[in-house]
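Chain letters run A, B, ... following the sequence lines, proteins first and then strands; every chain starts at 1.
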Amino acid sequence: MPEIAEVETVRNTLKRQILNKKIKDVNILYDRIIECDLDLFKKALIGAKFINIDRKGKWLILELNNDYDLLSHLRMEGKFFLKSHNDPIVKHEHIIITFVDNTDLRYHDTRKFGRMLIVKKDTLNDAPCLKKLGYEPNSTNLTADYLLNKLKNKSITIKTLLLDQSIISGLGNIYANEVLFAAKINPFKKGQDISKKEAERIVKASNEIISKAIMMGGTTIKSYTSSLGVTGMFQQELKVHKRDKEKCCVCGSVIEKQKLNGRTVYYCPKCQK
DNA sequence: AGTGCGACCCGAACGC
DNA sequence: TGCGTTCGGGTCGCAC
């Protein structure tokens with residue numbers, strides 16, 4: 001389940017593998033992944049080359065050497081694999097981009113939740129999916145005052161607010177749980193009740209946790225392996241996520257698991273009062 | 001406007 | 001064992 005750290009790992013891995021190779025063909029085996037016009041998708045890619053890969057929040061921005069960029073969101077289980085065009089197509093490979101050297105960039109997505117679209121370079125910053133993103137967890141723009149301003153008058157819980165990409169872009173369920181544990185804040189606390197001191201702790205914790213997770217290549221839980229065999233090592237660093245019924249590493253209390261707005265929240269009832 | 005929830009998917013885990 | 005059911009994950013769009 002890729003979060004920002006995993007997406008960053010995929011970005012770095014793909015940059016080493018697919019830049020400056022001319023695209024020969026594009027095959028769309030499951031078209032609901034593609035959010036834009038299918039003809040535009042193929043037209044923009046065929047004959048072009050990727051010249052850089054950027055990232056905003058959890059979106060990958062694959063820049064082409066023409067007027068277009070390819071945006072890709074892996075959602076939970078999207079992965080890219082580089083294979084020979086002669087390799088058999090396996091289950092869950094949905095988009096095949098073939099280069100002139102007969103290698104394929106294959107998009108694999110068990111859940112089919114991922115999304116891709118082509119946007120014009122000159123309107124990239126107006127793309128709705130990018131425009132609404134808040135600051136990133138390790139951005140210096142993410143300050144306690146910025147956060148407090150976003151949380152004021154919010155009656156929903158801080159846990160739910162941390163998942164809102166328009167406030168902080170890139171935190172998913174795993175890191176939201178970890179950030180609140182590190183900041184010693186109860187996940188059920190309302191946004192409007194967060195103090196400046198608490199906001200400072202959230203900013204500090206998200207910065208530290210995400211920086212470390214990126215350094216370690218992300219978290220691997222369940223089926224997720226980032227592209228091309230690079231496996232994240234951050235999982236062992238998780239203090240509360242998926243650790244219900246285990247003892248808190250700080251105080252020894254039993255970690256609890258609950259449902260909150262349809263999402264699973266893990267927390268230490270003693271450390272996070 | 002703010003909030004909550006179902007829908008999108010399918011494999012794994014669970015219950016009987 | 002084998003079946004059916006539930007769960008989880010990020011985001012959007014709809015309903016209130």
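Comparing atom distances between the Phe113(A) side chain and each of dC10(B), dC8(B), dG4(B) picks out dC8(B) as nearest. Checking dG11(B), dC9(B), dT11(C) against the side-chain heavy atoms of His73(A) singles out dT11(C) as nearest. Side-chain proximity of Arg32(A) to the nucleotides dG9(C), dC8(B), dG4(B) is greatest for dC8(B). Checked against dG9(C), dG11(B), dC9(B), the side chain of Tyr30(A) finds its nearest nucleotide in dC9(B). Distances from the side chain of Lys58(A) to the nucleotides dG4(B), dC9(B), dT11(C) place dT11(C) closest. Ranking dC12(C), dT3(B), dG11(B) by closeness to the Arg75(A) side chain, first place goes to dC12(C).
Among the atoms of the strands shown, none is found under 4.0 Å from any heavy atom of Lys150(A). Among the protein residues, Thr264(A) comes within range of the sugar-phosphate backbone only, with heavy atoms under 4.0 Å from sugar or phosphate atoms but none that close to a base. Residue Gly172(A) is classed as a sugar-phosphate contact, given heavy-atom separations below 4.0 Å to backbone atoms only.
Between the side chain of Glu136(A) and the backbone N or O of Gly57(A) there is at least one donor-acceptor pair closer than 3.5 Å.
Salt bridge present: Glu8(A) and Arg55(A) bring a charged side-chain N and a carboxylate O closer than 4.0 Å.
Nucleotide dT1(C) forms no Watson-Crick or G-U wobble pair with any nucleotide shown, as no partner meets the under 3.5 Å limit on both distances.
Regarding contacts with the backbone of dC12(C), a side-chain N or O of Lys132(A) is found under 4.0 angstrom from either OP1 or OP2. Between His92(A) and the phosphate of dC9(B), there is no side-chain N or O to OP1/OP2 separation shorter than 4.0 Å.
For Asn173(A) and Lys159(A), the side-chain atoms include at least one donor-acceptor pair closer than 3.5 Å. Asn177(A) and His241(A) share a side-chain donor-acceptor pair at under 3.5 Å.
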